[in-house]
Structure formats: structure tokens, C-alpha cells
Amino acid sequence: MQEVKQKAIELLQSGKVQRVLGWKTGEFFYDLTPAVFETVEEIKKDFVFSPFCGANLSKYLIAESRKEGKIAAFLKPCDSYSFVQLLKEHRIVRENVHVVGVQCNGMCDIEAIKAQGVKGVTAVRQEGETLVCETLYGEKSVPYAAALSERCKTCKSKKIVLFDELLGENGEDDPDCGRFDLVSKLEAMTAEERFAFWQQELSRCIRCNACRNVCPACSCEKCVFDNDTLGTANKAAANSFEEQNFHIIRAFHVAGRCTDCGECSRVCPQHIPLHLLNRKFIKDTNELYGEYQAGADLETRPPLVDFTQDDCEPSVVYTRGGNGK
Amino acid sequence: MKKLPITELDSFLKSLNMPVYLPSDDPSGQAKFTRWAEGVQLTQQLNTVRSAKDLFFPQMENLVDFKVQDQKIEIIEHRNVSENFVIFGVRACDAAAFEILDRVFLSDPVDGYYKERRDHALIVTMACSAPEETCFCTAFGIDAADPKGDVTAWKTEDSFFFRANTGKGEKLIAGLADGDESAVQAQQAQTREILSKLPNGKLDLTGFDGAHMMEKFNDSRWKELSEACLGCGTCTFVCPTCQCYDVREFNTGDTIQRFRCWDSCMYSDFTKMSAGQPRPTQLERFRQRFMHKLVYFPDNNDGVYGCVGCGRCLQKCPIHMNIVKVAKTIGGEGNG
Amino acid sequence: MQVNGEFKPKIVAFCCNWCSYAGADLAGNNRLNYPAEVKIIRIPCSCRLNPMFILRAFQRGADGVILCGCHPGDCHYTTGNYYARRRMTLLFSMLDYLGIERERTRVEWVSAAEGAKFAATMNDFVQTVTKLGENRRLEDLRCKK
Amino acid sequence: MAEYREPLIPMLGVVTAIRTDTPDVKTFTVTGLDGKKPFVHIPGQCAMLSIPGVGEALFSITSSPTKEDALEFSIKKCGCVTDWLHAMEPGQQITIRGPYGSGFPVDTDFRGKDLVFVAGGIGLAPLHSVINYVRANRANYGKVDIVYGSRSMQDLVDFDEILNEWSKEEGITVHLTIDREQPEWKGHVGFVPNYVKELGFDTSRTVVMCGPPIMIKFTLAGLMELGFDKSNIYTTLEMKMKCALGKCGRCNIGTKYICKDGPVFRLDQLDELPDEY
């Protein structure tokens with residue numbers, strides 16, 4: 001962890017970059033904020049890299065890479081997929097970014113720790129496979145695996161797909177991560193059960209737009225849901241239709257471009273498993289149009305801007321998966 | 001002081017003979033204010049994800065309908081007259097937030113939709129016994145061990161204790177048996193011990209007042225504070241005191257429904273006009289939210305801050321930027 | 001919509017300008033019957049169909065939505081319907097995933113010469129949707145009278 | 001005391017007459033359904049007009065309170081609601097609520113003063129109300145000078161009234177200007193800020209100003225140069241509004257709400273507010 005901070009200082013000192021994009025300390029050990037550092041002093045004082053650096057930094061590079069000077073960005077495997085996807089869409093000025101790949105052992109989530117019944121956590125330390133939490137009510141221990149954020153429990157890849165330099169070792173894809181298990185489980189349910197499941201989940205939506213605004217794939221200058229002139233603007237979900245409408249379209253608009261970084265679910269204040277919508281599209285495209293991982297490279301055509309003459313017909317839906325009826 | 005065994009809560013709530021809303025866990029395990037019915041359990045969690053403001057100021061409500069035909073317009077008012085209802089288990093912070101909302105909605109001109117619900121509500125607050133590290137209600141002089149409301153409740157191992165604070169509250173718990181206060185006092189002492197140790201409990205807000213408005217407004221550090229802000233509305237929507245709203249219309253094909261819904265000053269379209277945008281970047285929008293809570297609101301409201309220290313934004317902000325960080329960065333030396 | 005106690009579905013048919021719309025015309029010219037519940041909306045190409053159009057149709061009271069376009073390979077714009085085919089497959093699959101009856105949505109390729117196919121398709125689709133009954137899972141109550 | 005009305009629920013009004021002033025400004029006469037004036041206002045106050053299904057927007061009331069039978073609104077076509085208003089025919093019902101805002105201090109601070117009105121383009125709308133109020137109560141005020149400029153002669157709002165009524169009244173001097181030369185225009189040519197400086201008013205006078213932000217900015221600089229005191233200069237602000245009741249939050253600037261505490265502000269008051277308008 002110290003190595004990352006050292007690298008940040010070194011890059012700035014050597015003049016290789018003018019700014020560094022990383023994570024900044026907060027009030028607690030877990031509330032780290034993405035930040036741009038411009039001086040070594042700032043980095044020494046506030047830069048951190050810890051198991052609580054969940055935030056994906058790639059999206060910030062859309063704006064940052066358009067500014068003057070070069071910026072160093074520390075990208076975890078997930079972030080690197082988003083970065084490549086954004087490059088592919090010509091949203092990032094590549095020359096202005098110096099990518100430092102950092103390996104990740106799975107990021108922790110304070111809400112996962114709290115879900116274990118630990119209250120008032122003020123500090124943690126890792127002891128082997130255990131997180132020891134200092135709390136207002138004494139010390140409590142949580143297995144590291146239980147503290148992992150939901151998406152990290154089914155990590156698709158530890159591979160950093162693009163970097164200018166690498167800290168630590170690069171990892172590999174994990175095709176057996178089981179990230180589609182829950183999707184399959186839902187597909188196997190009856191339509192009634194699925195409907196009930198999603199009603200229950202989506203009805204919690206408060207339309208805060210956090211999922212949209214954090215998503216590296218949602219990089220439109222103006223979102224269709226903010227567009228008053230089109231009549232598609234939608235500020236509060238009045239009923240279940242509008243909840244469904246927003247989430248179907250949100251997921252559809254990133255279909256074929258979503259790298260499955262899981263930020264949408266991480267930021268949802270209501271813990272709606274939004275990644276299950278995105279993963280459904282990923283699973284479908286994989287099954288129907290061949291394996292495709294968004295952000296894995298700069299060349300492959302994304303499934304929704306591609307076709308073959310013998311693609312399946314939409315009627316395939318009537319007979320696919322689940323018992324449906 | 002009245003006492004009620006925990007096991008008899010259901011029969012007590014039933015005996016009230018009016019709708020009761022209490023924080024209960026939904027199937028996803030999160031607490032939210034739910035209308036009580038047989039089988040709805042009071043949550044064990046400290047607080048709800050959404051605040052209790054929903055019950056007075058719902059995320060969305062219809063104001064009035066219109067029917068338009070040629071040059072004629074018909075106005076259809078359909079005011080629901082509220083019946084009396086009870087909000088059970090409101091925490092001290094949320095209860096304090098009602099007073100802040102009152103200053104907005106009940107000041108002239110009075111908002112009738114809000115007032116109607118407010119007038120018909122009976123608030124039973126619930127003292128905290130296990131605050132989280134994100135709590136900082138003490139910074140605003142709120143005593144989580146002894147909240148306000150029509151009735152104050154304490155929950156111990158096996159019993160609820162109730163104290164009426166108003167005539168309305170008196171009536172509500174009149175039928176209960178008397179109980180001994182010592183258990184409550186013991187719990188309060190324990191809670192206050194924890195409250196005194198809250199990491200942000202002594203947040204220093206000196207200097208956040210009308211006199212320092214321009215100084216705070218022009219502070220150069222708003223840039224670094226706001227740079228990571230996503231411009232989402234999470235902080236606003238989970239906040240118990242945020243009250244900005246939008247008035248919009250929906251055409252059902254038959255009538256035009258004019259409704260109001262929560263809005264967020266963090267959104268780019270909040271102040272956007274055909275003539276221009278007075279807050280063009282996220283910096284201005286971000287600054288507005290915190291300046292409003294910490295400077296503008298207290299200056300207009302006898303020094304009462306637009307924050308109650310519930311800690312929801314500390315827990316929920318996707319990038320973990322929050323009012324505590326703002327106050328410590330822009331604010332007084334007392335924050336070390 | 002209930003008419004005399006009998007359920008009559010509202011069907012929105014998005015038809016591509018170059019093939020299916022002409023196909024519908026041909027069905028009319030040939031005096032082929034298809035139910036009056038089908039409301040046709042002409043679009044320049046099946047590829048123009050934004051998924052939001054489909055959802056909006058359901059919101060506004062449609063019980064079924066069907067998209068008709070040129071046969072794959074015959075698109076007036078060469079490739080439009082190939083893209084539409086992928087998009088609709090994914091969208092329909094998503095609707096199914098959310099528990100919305102999968103038979104409420106359909107894509108059918110109808111050329112300008114296939115007036116009979118148009119009428120038959122619509123008859124069949126109306127029948128299917130009638131069996132499903134009213135759209136309850138993707139409805140906006142505000143728009144129901 | 002009138003019957004309690006929910007402040008967010010409007011009442012119905014009828015547009016009884018529409019006058020085309022310039023290519024993009026029309027003046028609408030609005031009465032209640034009973035044919036009477038919907039409410040009494042102070043010059044400078046505003047009202048929320050709406051067409052259900054199109055939207056609601058805040059407009060300043062152009063007519064003087066001394067006009068007994070109706071309210072008038074001079075409205076420039078520039079957005080959704082205004083486009084719709086411009087397209088409609090007399091007899092159309094609309095919804096109206098108000099009056100909102102503080103208005104000009106016509107019966108306090110303005111009394112006995114020599115006044116200078118400075119307006120640009122559609123900025124004449126709120127001042128029109130004050131000017132006619134002053135004319136109706138002529139004895140209460142001193143000298144009046146009106147500096148009004150627009151892009152062209154065709155863009156001068158209320159041109160007939162200015163020529164035939166205001167200019168002919170004793171004690172009122174009207175100074176018109178247009179931005180660019182026009183063959184049929186015999187008057188002054190040039191921008192308002194420069195014209196104000198050229199005219200060089202006495203600094204003891206009270207200035208009331210409304211117009212595009214850029215005009216206000218440069219006119220102010222000119223007035224400061226002439227030695228005017230900020231407490232003698234009034235202007236109006238504009239922000240997006242939804243409720244006009246000081247609750248919905250979007251017109252909040254510093255400790256003020258434009259809809260409630262404004263839209264009229266004295267310059268020294270504005271100096272104490274963050275520059276976010």
C-alpha cells in the first residue's frame with residue numbers, strides 16, 4: 001500500500017506528470033474520496049490506497065484528460081476495463097494519462113461490515129484473513145471475505161488490461177467466478193416470481209441518479225432522463241412503471257459497453273442489485289452473439305453495433321431459459 | 001413514566017385504532033417507515049435509510065389536476081383530508097428535522113399539504129441506545145438519549161418506557177401502566193457516555209453564520225471539496241432536512257396532473273433557465289447545498305442549522321464527501 | 001380495454017416505412033381482415049425503434065407491442081433491421097427477465113408484398129395478447145381511465 | 001380576510017386581449033373569470049402564469065396598480081411557456097397565482113424623489129408598472145427621466161404609449177436610443193450605458209434599472225463613475241422558480257429568495273449577496 005503512495009510522489013517529483021488521480025483520506029478509515037493531487041505535500045498528507053478504495057477512477061479521466069498537462073491515474077483491474085472502454089469510445093485523451101496499474105485483492109465495503117452486526121466502527125486492522133474492528137462498543141472481528149463488497153465476491157478478472165506501468169503482478173481472468181449465478185437463478189424462476197422480485201427491489205429506488213452518474217459507461221453530455229424538451233425527463237418515480245422504465249433504459253443504454261465494474265450497485269443507497277440488470281445483458285450477448293467483454297481490448301466490435309446475417313430472431317426469447325410461464 | 005412489555009407492543013399499537021408508521025426491515029434488510037399491521041416488526045437497526053420526512057413531505061405528491069379543452073381550463077382539486085396517525089420510533093435527529101421543515105413549510109405562506117399531515121400526526125420518538133460512528137447530533141445540541149416529540153420512548157431489554165410531552169401524547173399512552181424510571185436513567189447514562197465519544201460529536205461550527213457569509217462563499221477550498229462530486233441526489237434525498245422541490249406536470253391523456261417531487265440543488269437542471277445557468281459547474285451547486293445548510297438557513301432562522309447530524313449522508317454518499325468534511329475544511333479551528 | 005364485458009387489447013404496431021407499412025396497405029387493398037385494435041405507427045426503419053417507444057406505448061395503455069420491418073437482408077438502408085434484431089432480442093429478453101409476459105412483444109418481418117402475412121400476423125398477435133389479458137405489469141395507473 | 005387558498009393552487013384567468021408590441025414581444029391582458037382584476041399588486045411584483053400541460057413561469061406585471069380592470073403582462077418569446085403564450089388567441093383561459101415578490105418601494109423610498117428609469121429591451125416590463133404608477137400619483141414624485149433603449153426601433157416595447165403619453169407629460173423626459181442606425185430613426189443611436197453617461201444625471205436621483213445583465217453591468221459602472229450612491233440604485237433579478245413561495249429552493253441566493261425577498265433589490269443589498277445570479 002505504501003508502494004502506491006511512493007509511486008505517486010515519484011511520478012510528480014520526476015515531472016513525468018503534473019497531477020495524480022487517486023484517493024484521499026476521510027474522517028474515518030473507510031470514507032475515501034477520489035481526488036486530484038497537485039503537490040507532493042498533498043500526497044504525503046492525504047493520499048491513501050487501502051482496501052476501501054472502491055471508487056472507480058476512470059470516469060474522472062474524461063474531464064481530467066482534457067485539461068492541460070499529464071495526469072497519472074491509479075487503476076485497479078476493474079477500473080482498467082472501464083478505462084479501455086472509454087478509450088474505445090474516444091472519451092479520454094490517451095496521451096494525457098499515465099496509467100499505473102494497481103492490483104486489488106477485493107475491496108471492502110463498510111456496509112458489508114456493518115451488516116455483520118458491527119456498530120460504530122472507528123478503525124480496522126487486518127490480521128490474516130480477519131478484519132479486527134475497533135468500535136465505540138469495543139473490538140469486534142469480521143472475516144475479511146465477509147467484509148468484501150458484493151461485486152468483489154464474484155470478481156471476474158484480476159487482469160489490468162492496459163497500463164503504462166504496473167505495481168505488483170498482473171492477474172488473470174476468472175471465467176469461473178460465478179458472476180452469472182444469480183442471473184441464472186432468476187432466469188430459472190417463473191415470470192411471476194421474477195416480477196415480484198424486481199418489484200420489490202425497484203420499488204426502493206429513490207431516483208437519486210447515483211447509479212447513472214457514477215457509471216463510467218453513462219458518459220452522455222445530457223441524459224435522456226434529464227431532457228425536458230423530449231418529454232422523457234423523469235425526476236421522481238411516480239409509480240412502478242417509471243421505476244421499471246428508468247432501470248430498463250439505464251441498463252439498455254450501457255448494454256454492450258458495461259464492463260461490469262459494479263459501481264452502480266456499490267453506490268445505490270437503497271442496495272438495489274442493479275448489476276443483475278447489467279449482467280443479464282452481458283450474459284445474453286455472450287450466449288447469443290459470442291463471448292464479449294467490454295473494455296477487454298480496443299478492437300473488438302461491441303455486440304450492439306455489430307451483427308451477423310444469421311443472428312437469432314427475437315422470438316428466441318419465447319423459448320429460452322427459465323420455465324417462463 | 002409508563003411501561004409496556006416489548007411483547008405487548010402489537011396489542012398496544014392495535015389499541016390505538018389509527019394508522020401507525022414504524023421503522024421496519026424490508027425484505028432487503030433495510031429499515032424503512034412502514035405502515036404497521038399485525039406481523040410488522042419494529043426494526044433493530046439504528047435508523048431508516050430514508051428519513052421520516054417522507055411522511056410529511058413525500059417524494060412525490062399530486063397537487064392539482066387540470067382538464068383542458070379548447071380555450072377552457074378546469075381546475076380539479078382533490079385534497080385528501082388526513083386522518084390522525086402515529087409515527088412511532090422516530091429518532092431524535094429526525095424529530096429535530098421536523099422542526100426545521102416546519103420553519104420552511106409552516107412559515108407564511110403556509111403549505112397546506114404539509115400542514116394537513118403535520119397537524120394530524122402524533123410523534124412517538126425513540127431514544128437511541130447504540131449510536132453509530134457517523135452520528136453527530138450532539139454537535140447541534142440534540143440529545144439522542146432524550147428526544148422530543150409528543151411522546152418519548154425508551155426501549156430496554158424487555159420493556160418500552162413512555163413519557164408524554166404534550167397533551168396529545170398524554171392521551172395516547174393514558175391506558176398504560178406506570179413504570180419505574182431507573183431503567184431509563186441507566187440507559188440514558190450509558191448512551192450519553194457513547195455520545196460523548198462520537199468522533200464528530202464536537203464538530204465546531206463557529207464562523208458558519210450570516211456575518212461570515214461572503215468569506216465562506218469565497219473560500220478557495222470549495223474546488224477541492226466538490227471536485228469528486230458526481231452531481232447525484234443521494235445526499236439530498238436521504239437528508240431529513242432537505243426540502244427543495246420541483247413542480248412538474250404529467251399528461252395522462254385525459255387530465256394534466258400537476259405534482260411536486262423532491263429536487264436536488266446538486267442537479268444541473270436545478271437552476272437552468274432559458275436565459276442561462278447561474279450555477280454552471282458542480283462547484284457552485286455543491287457550494288449551494290452546504291452554504292444553505294450552514295450559513296443561509298441559520299441566518300434566516302435564529303441560528304438553527306439546516307442539519308441535525310443524523311449521519312445519513314456520511315453513510316450514503318457514493319464518493320464519501322459530506323457536511324462534516326465541509327465543515328472541518330471550511331470551518332472553525334475547533335475541529336483540530 | 002373492456003368492451004361489453006369482453007377484453008379487447010390495445011395493440012401498437014410499429015411498421016417500417018418501406019416494407020411493413022406498405023404490407024399493411026396491401027392487406028387493406030386486398031380487403032384482408034385484421035382487428036381494429038391494432039394501431040399502426042409508421043417509422044422510417046425498424047432500427048428507428050427506440051426501446052423507450054415500446055415502454056412508452058405500454059405506459060400509455062398498450063397491451064401488446066409489435067415491430068414489423070423489412071426481412072433481414074432487404075433493409076432499405078441495407079443493415080438497419082440487423083441492428084434492430086439484436087436490440088429487440090435483448091430488450092425482450094430483459095422484459096422477460098423483469099417478469100413481464102414475453103408474448104406481449106413481438107418482431108415480425110413483413111415485406112411490401114406480404115399483405116396476407118401482415119393480416120395473419122396481426123390476427124395471431126391480437127389473439128395471443130387477448131389470451132394474456134390486460135397489461136398489468138408494465139402499466140401506468142395514471143393513464144388508465 | 002379572503003378565504004384560505006392553497007398557495008400552490010392557481011386560479012383561472014382569461015386572456016382578454018393580446019397586443020403585438022414588437023416582433024417578439026406581446027402584451028397580454030388578463031382578468032379573472034368574473035371579468036375583474038385577479039388581484040391587487042405593487043409595481044415590480046410578479047405573477048405565476050401557466051398553461052396546464054405546457055408549464056408555469058413567473059412574469060412581472062407590466063400594468064400599474066392604478067389600472068383598475070385587468071393585469072397586463074408584456075412577454076418576450078424565449079422558451080416553452082412563452083412560445084405557447086405567443087401562439088394563443090384572445091379568450092384563452094390560463095391559470096394565474098400571485099402577486100409575488102416585494103415590489104418597488106413606490107410609497108416609501110421613492111416618495112418625493114427625482115427618478116431616473118433605465119431600461120433595455122423587455123426590461124421595460126417591470127418599470128412600465130412603476131412609471132404609470134408614478135404618473136398616476138404625479139404629485140408624490142419629483143422629476144422623472146426615462147432612458148430606454150432597444151436593438152432597433154421595431155423592438156421598442158410600448159412605443160406608442162411612450163410617444164403619445166409619456167413624452168407629452170409635464171415633468172417627464174423620455175430619452176430613447178437604439179443600438180444601430182436606422183433610416184427612419186431620428187433619435188439617439190447607441191447603447192444604453194453610454195447614453196446614461198452622456199446624459200449625466202444628478203447623483204442625488206434615484207435610479208431604477210432593468211434590462212439584460214450586460215446592460216446592467218455597464219450602466220452600473222457608468223453610474224458609479226458619475227458618483228451615484230449604491231443605495232439609490234434599484235434593479236431586479238431573475239432566477240428559475242417553481243413555487244414562488246420561498247420554499248422550493250431554487251431561487252435562493254445567499255440568505256435571500258428572489259421570489260419572496262426580490263425580485264427588486266437595491267444595489268447595496270446585492271453587494272452583500274454572493275454573485276450567483
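Quick note on labels: first sequence line is chain A, next is B, and so on, each numbered from 1. Only heavy atoms go into these numbers, but all of them, side chains included; no hydrogens, no water, no symmetry mates.
For chain B, no part of D:Tyr100 is nearby; none of its heavy atoms comes within less than 4.5 Å. Proximity to chain B (any heavy atom under 4.5 Å) is restricted, for D:Ile51, to the backbone atoms N, CA, C and O. Residue D:Glu272 touches chain B through its backbone alone, counting heavy-atom pairs closer than 4.5 Å.
Side-chain contact between B:Phe250 and B:Thr255 is absent, with no heavy atoms from C-beta onward closer than 4.5 Å. A 4.5 Å side-chain heavy-atom check between D:Leu49 and D:Val81 finds every atom pair outside the cut-off. Contact of the D:Phe117 side chain with the D:Tyr148 side chain is not registered, since no non-hydrogen atoms from C-beta on lie closer than 4.5 Å. The shortest side-chain heavy-atom distance between D:Met239 and D:Tyr257 does not fall under the 4.5 Å cut-off. Side chains of B:Gln257 and B:Glu249 form no contact here, defined as non-hydrogen atoms less than 4.5 Å apart.
Among B:Asp70, B:Asp108, B:Val68, B:Thr271, the residue making the largest number of heavy-atom pairs under 4.5 Å with chain D is B:Thr271. Of all the listed residues (B:Asp263, B:Asn251, B:Asp65), the one sharing the greatest number of non-hydrogen pairs under 4.5 Å with chain D is B:Asp263. Across D:Gly249, D:Cys248, D:Gly55, the residue that shares the most heavy-atom pairs under 4.5 angstrom with chain B is D:Cys248. No other option in D:Leu33, D:Val54, D:Asn252 has as many heavy-atom pairs under 4.5 Å with chain B as D:Asn252. The greatest number of non-hydrogen atom pairs below 4.5 Å with chain B, out of D:Gly53, D:Gly79, D:Pro7, D:Ser50, is found for D:Gly53. With chain D as the partner, the residue from B:Lys67, B:Glu74, B:Lys72 showing the most heavy-atom pairs under 4.5 Å is B:Lys72. Considering only heavy-atom pairs separated by less than 4.5 Å from chain D, the leading option among B:Glu77, B:Arg279, B:Met291 is B:Arg279. Most heavy-atom pairs under 4.5 Å with chain D, from the set B:Asn300, B:Val64, B:Asp299: that is B:Asn300.
Residue-level contacts of residues 10-20 of chain D with chain B, in order of numbering, are D:Pro10, D:Met11, D:Leu12; threshold 4.5 Å between heavy atoms. Using a 4.5 Å cut-off between non-hydrogen atoms, no part of residues 218-237 of chain B approaches chain D. Along residues 95-103 of chain B, no residue comes nearer than 4.5 angstrom to chain D, judged on non-hydrogen atoms.
The aromatic rings of B:Phe85 and B:Phe56 lie tilted to each other, with the angle between the two planes from 30° to 60°. Between D:Phe28 and D:His86, the ring planes are perpendicular. Angles over 60° get that label, and only those under 30° would be called parallel.
Among residues two or more places apart in sequence or in another chain, the ring pair (Phe, Tyr, Trp, His ring centres under 6.0 Å) test is passed with D:Phe104 by none.
The residue from D:Asp158, D:Thr62, D:Asp21, D:Thr22 that alone fulfils the side-chain hydrogen bond (donor to acceptor under 3.5 Å, both in side chains) condition with D:Thr27 is D:Asp21.
In summary, B:Arg258 and D:Glu56 engage in a salt bridge, as defined by a charged side-chain N under 4.0 Å from a carboxylate O.
When atom types are taken as modelled, the side chain of B:Gln71 and the backbone of D:Pro90 share a donor-acceptor pair closer than 3.5 angstrom.
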